Amino acid sequence: MKTIQKASGCTTRSLAILPSSLGRAFRGFSTRFQAPTSSNPPTKAHRCSVIANSQMPNMLSGLFSKVAKGGGSDQAYFLDNAPSWDALSQMAKAKMEAHGVDFWADPNQGPTHPLALKRTFGQPESAIRVKLYRDHAAWCPYCHKVWLQLEEKRIPYTIEKINMRCYGDKPPSFMAKVPSGLLPVLELDGRVVTESAVIMELLEREFPDNKPLMPRAGSPERARADQLMRLERKLFSDWLNWLCSGWDHVGGRRRVEAVLDAVNTELGAAGGPFFLGSELSLVDITFVPMVERMAASLAYYKGFYVRGEGRWPAVEAWFNALEQRDTYMGTKSDYYTHSHDLPPQLGGCHMSPEGETVSAMIDGTDGRSWRLPLAPLSATSLPEPYSRGDHPELDKLEAAAKMIKNHEAVAKFALRGPGKPGPRPVAAPLADPTGVPALEHLPAMDAALRHVVHALLVGVEAKQVSAEALQVSSSAGGPSAFTGAPVVSAAEYLRDRVGVPRDMKFPAARQLRAHLNYLIDQLAAS
């Protein structure tokens with residue numbers, strides 16, 4: 001049996017698209033959970049996820065680099081004939097107006113957004129009593145709970161994002177407040193509170209008029225809610241024992257199936273779609289981070305589908321109901337991001353033979369999943385169900401808009417691919433916040449990104465029959481031609497570091513990954 005362990009140190013990537021840095025890993029996975037290990041422990045390697053924001057130097061994703069087909073021939077050249085950034089910006093603006101969307105809107109206003117730093121929900125700033133410290137990349141499940149609770153209750157709050165240990169140092173100001181360095185942390189009226197369960201209980205007690213999320217103390221409904229919280233701990237334990245170990249594969253699967261049977265039964269007991277009935281509660285918010293990560297990681301490492309095949313219909317209905325809520329969708333990640341952000345936090349995940357085909361699909365290394373045309377998304381699409389479905393024109397527009405807004409930072413970040421390792425390495429094998437980008441190739445990368453964004457805005461077929469087609473040849477062909485090899489390396493680096501939700505939503509991320517592969521394949525084929 002194959003044992004693959006992912007690196008226990010990691011970085012994140014963030015498309016210089018978004019202002020952010022990195023955060024912290026699962027508090028408590030390494031301190032509270034000891035998974036069985038074999039005498040032959042897995043080797044450290046693989047990738048995490050997220051795109052790097054050049055404004056925040058600590059953002060990288062420790063993801064192993066995928067090898068593009070044909071891999072960057074030194075003889076490939078392409079022309080700088082794509083529209084300018086100003087022209088692309090005007091195209092994106094016109095399209096957003098036509099579709100009634102604004103991907104450049106203030107993230108602090110409107111629906112839940114991973115880049116928001118101040119949420120007032122229409123109240124004056126004087127109403128803000130709460131400050132949340134959470135991880136930059138939205139990897140931490142404990143931060144996820146508190147973040148979702150604040151959004152559901154619409155409690156005014158501010159946010160400060162903190163590095164995760166695996167890819168960077170925590171600021172001294174934070175360590176002075178919280179010597180353990182653990183996240184999440186809440187400040188309420190200046191009082192520092194740690195431990196997610198304590199924080200969530202405190203928020204319910206201190207803000208009773210903001211949409212109560214737990215039944216009244218002493219009621220039968222409250223007793224059932226408390227019992228369901230214990231079921232969540234059982235699910236957590238059975239999931240990690242199977243995910244992180246190569247021992248007793250059959251028994252691990254059987255225990256996960258049994259706990260999912262119990263969860264499915266409980267979800268139907270009060271009529272659904274949520275645990276306590278028709279309204280979302282703190283029980284659901286407690287389950288969300290773990291079940292979301294469980295569905296992603298078991299598909300990737302074990303070839304095991306929690307949703308999408310109909311075995312647990314109440315679990316399917318629960319996910320579908322969650323995906324109708326903007327609060328959840330603003331915090332939701334994708335299978336690729338979770339499959340690579342979990343190993344650094346857990347110290348390793350065990351790959352079974354059943355997971356290899358599914359992991360190739362999630363990673364896009366199967367030759368189809370990250371290449372155009374993309375298969376539609378739905379509540380039953382595999383390997384990754386997504387009940388809201390995809391909307392290709394809007395998804396491509398979202399990806400293009402994010403790239404346009406931060407194109408200078410994106411290009412510099414991507415050039416770490418053909419650049420040099422930094423002088424100050426961190427624990428994660430591919431986390432290199434001090435990496436030296438190959439800026440001598442900046443004009444070429446800028447031109448390449450304009451080609452990608454143009455394709456996102458007009459479509460590859462329309463682009464390739466226009467005067468602004470991506471033209472590739474084996475000869476330089478004039479002063480406006482660039483060598484393709486360093487661009488291929490940079491585009492691969494960028495593609496593998498598109499993270500969800502921080503950089504963009506899942507449907508937009510898959511479009512960007514596929515359009516970067518369009519560039520890579522064109523350059524590698526000549």
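Everything numeric here is computed off the predicted structure, so don't read it as measured data. All residue numbers in this chain count up from 1 along the given sequence.
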ask   = Does a salt bridge link Arg307 with Glu323, judged by any charged N lying under 4.0 Å from a carboxylate O?
value = yes

message = Is a donor from one side chain sitting under 3.5 angstrom from an acceptor on the other, for Trp242 and His249?
response =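 Yes, His249 and Trp242 have a side-chain donor paired with an acceptor closer than 3.5 Å.
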
inquiry  = Would you say Trp318 and Asn264 are linked by a side-chain donor-acceptor pair, where the criterion is simply a distance under 3.5 Å?
reply    =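 On atom types as modelled, these side chains do not qualify, holding no pair under 3.5 Å.
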
Is it the case that more than 12 heavy atoms not belonging to [X] sit under 6.0 Å from its [atom1] atom?
X	atom1	result
Arg311	CZ	yes
Glu160	CD	yes
Glu279	CD	no

ask   = Testing Lys505, Arg510, Arg513 for salt bridge (Lys or Arg N to Asp or Glu O under 4.0 Å) with Asp334, which one passes?
value = Arg513

remark   = Exactly one of Asp261, Asp238, Asp248 clears salt bridge (Lys or Arg N to Asp or Glu O under 4.0 Å) with Arg255, and that residue is Asp248

ask   = Relative to each other, are the rings of His144 and Tyr328 parallel, tilted or perpendicular (30° and 60° limits)?
value = parallel

message = Using 30° and 60° as the class boundaries, would you call the ring planes of Tyr300 and His340 parallel, tilted or perpendicular?
response = perpendicular

query = Can you check whether Asp503's main-chain N or O pairs, donor with acceptor, with Lys402's side chain at less than 3.5 Å?
reply =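 A pair under 3.5 Å: yes.
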
message = Test your reading of the model: is there a side-chain donor-acceptor pair from Ser369 to the backbone of Gly364, 3.5 Å cut-off?
response = no

request  = Among Glu398, His515, Glu393, find the residue that satisfies the side-chain contact (heavy atoms from CB on, under 4.5 Å) test when tested with Leu456.
outcome  =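 Only match with Leu456 under side-chain contact (heavy atoms from CB on, under 4.5 Å): His515.
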
key: Near-ring test Trp370/Tyr336, centroid separation under 6.0 angstrom   = yes

